[in-house]
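Quick notes on the structure that follows.
As the structure lists them, so they are numbered: ligands from 1, and atoms in each ligand from 1. In this text, all values refer to a predicted model and were calculated from it rather than measured experimentally. Positions are given from 1 along the sequence.
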Amino acid sequence: MERFASAADLIAARKPEGPVVCSRPHAAARAARWFVENFNGDVAYAYKANSSVFLVGALYGAGIRHFDVASLPEIEDAATIPGAELHYMNPVKSRESIRRAYHEHGIRSFALDTEDELRKILDETRGPSGQARDLVLFVRISVPAINSRIPLERKFGTSGAKAADLLVKTRQAAAELGITFHVGSQTMTPDAYINALAEVQGLIGKAGVVVDRVDVGGGFPSVYPNMQPAPLARFLSAIEEGVNRLPVRENVRLMCEPGRALVAEAETLIVRVEARRGSDLFINDGGYGVMFDAAHLGWIFPARLVGREASSDQLVPYELWGPTCDSIDHMKGPFLLPSCIKEGDYLEIGNVGAYGRAIAGDFNGYGRYEEAILDDAPMMTMYGDANVSPARTSSR
Ligand SMILES: *Cc1c(COP(=O)(O)O)cnc(C)c1O
């Protein structure tokens, strides 16, 4: 993998015709170190956010040994990481994948939110001597999404009397019983975790079970031009307070599953402007590519002109259009860029490391990326100034 000091150096050397996904492994490593040092438990990387070997390698180098996986292909991939402990946290799994996860890949940790799924797990992990005795089973409960920009509450999770009943039944089958939830991705304030842990507290009381593990899931935020979340330290202290109130033993084992917060700022995209029509820029990647969230959720990513000096400092709003022939391939932004942008210019679109490359498709023949590593700082960071205040866009 070729390595450059910055996007400008890459452009000078390569003049790329297509989009380039650039990794900043040092940014992933910094994020991972922060979580490993500050979270009082296992930090499991949510593999689906970005499976780049450069980023996963950096996370590993920074001490990440646990991985949250959701499918057999992810498991087969992550199982090659030495010493990795995998957690199969998708609440709906195929029987074959459960069987192979347990028997071929040594996975012991599974999530579930119904009795049917518990049955599937018990059936498929059974051995010649009967029911598995080493299962770590996490009951996924549904919790309200509060201040999440991508709520996940409708799809998975159990609650109330059903949840209490499932906890009791799972307790009987599990070597270790866990409770887990997901507050929704890009959660801007810690309230959702406080609230979720209060639900956990109520449910443990209702079910009257001994709980060995608590997994607070993912949802930790990153920073984007129009989204300045609370500092990450506040999330961890809110979680600590909530956990301290739980009726569990002192040494209950905690886990979190950050995806976005570990990798969002560790990838950046270089695109070229193929046409300018007023304040509309036609670029060579878009909503079917790395910029899915910009097209489909209206997200704004930091953007800057690279490869030449702007003729003035004045920034003006632009809308972006992707390269496919589909009119959905539109990113309304606004993306603030110098007024002088013209055809042939290169733009750096920052902080696309979470769910960018991971969900890019190849519709219309696009979706092929050159790759490179950059050594400079991410355009925006959550990890500046000892994480006390959300950082701003760095200057060029
Ligand atoms: C997607 C997912 C995560 C990661 O979520 P982020 O919002 O990226 O932190 C964690 N746990 C589970 C079960 C998930 O499905």
Side-chain angles (χ1 to χ4, degrees), residues 27-28 31-32 34-36 38-39 41-52 55-56 59 64 66-71 73-75 78 85-93 97 101 107 109-113 117 136-143 145-158 178-190 192-193 196 200 213-224 227 229-230 232 235-236 239 254-267 292-293 297 299 351-359 382-383:
W34 189 85
F35 266 89
V36 168
N38 291 284
F39 184 77
D42 300 324
V43 180
Y45 171 55
Y47 204 74
K48 72 173 186 290
N50 191 324
S51 59
S52 149
L55 298 191
V56 172
L59 297 174
I64 301 282
H66 293 261
F67 297 87
D68 154 34
V69 289
S71 64
E74 278 188 3
I75 290 168
E85 198 169 315
L86 308 187
H87 305 270
Y88 196 178
M89 302 307 274
N90 189 335
V92 179
K93 299 167 283 298
S97 72
I107 295 183
S109 177
F110 297 88
L112 58 116
D113 61 1
E117 191 74 10
V136 180
L137 299 180
F138 287 90
V139 172
R140 168 109 168 226
I141 64 164
S142 62
V143 295
I146 303 171
N147 285 330
S148 158
R149 295 304 149 93
I150 308 182
L152 302 170
E153 56 195 337
R154 268 191 56 245
K155 189 161 183 180
F156 295 127
T158 177
I179 299 190
T180 186
F181 53 81
H182 196 304
V183 297
S185 204
Q186 185 67 9
T187 290
M188 301 291 287
T189 62
Y193 295 89
V200 170
R213 300 204 191 194
V214 175
D215 168 14
V216 300
F220 300 94
S222 188
V223 57
Y224 302 94
M227 290 190 236
L232 288 170
F235 287 75
L236 297 202
I239 288 167
L254 293 185
M255 184 160 83
C256 65
E257 303 170 346
R260 177 184 305 283
L262 293 184
V263 293
E265 53 187 77
E267 263 178 9
F292 182 97
D293 288 345
L297 306 177
W299 279 32
N351 297 54
V352 296
Y355 309 107
R357 184 79 173 89
I359 52 181
M382 286 294 282
Y383 301 91

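Residues with a heavy atom under 4.0 Å from ligand 1: A46, K48, D68, R140, H182, S185, G218, G219, E257, P258, G259, R260, Y355.
Relative to the six-membered ring of F110, K93 misses at least one condition, a distance below 6.0 Å or an angle of at most 45° to the axis.
Scanning for ring pair (Phe, Tyr, Trp, His ring centres under 6.0 Å) contacts around F235 gives Y193, with sequence neighbours left out. With sequence neighbours left out, Y224 forms a ring pair (Phe, Tyr, Trp, His ring centres under 6.0 Å) with W299, F301. F181 meets the ring pair (Phe, Tyr, Trp, His ring centres under 6.0 Å) test with no other residue; sequence neighbours excluded.
Remark: side-chain polar atoms of T187 are not paired, donor with acceptor, to backbone N or O of T189 under 3.5 angstrom. A side-chain donor-acceptor contact under 3.5 Å links N50 to the backbone of G353.
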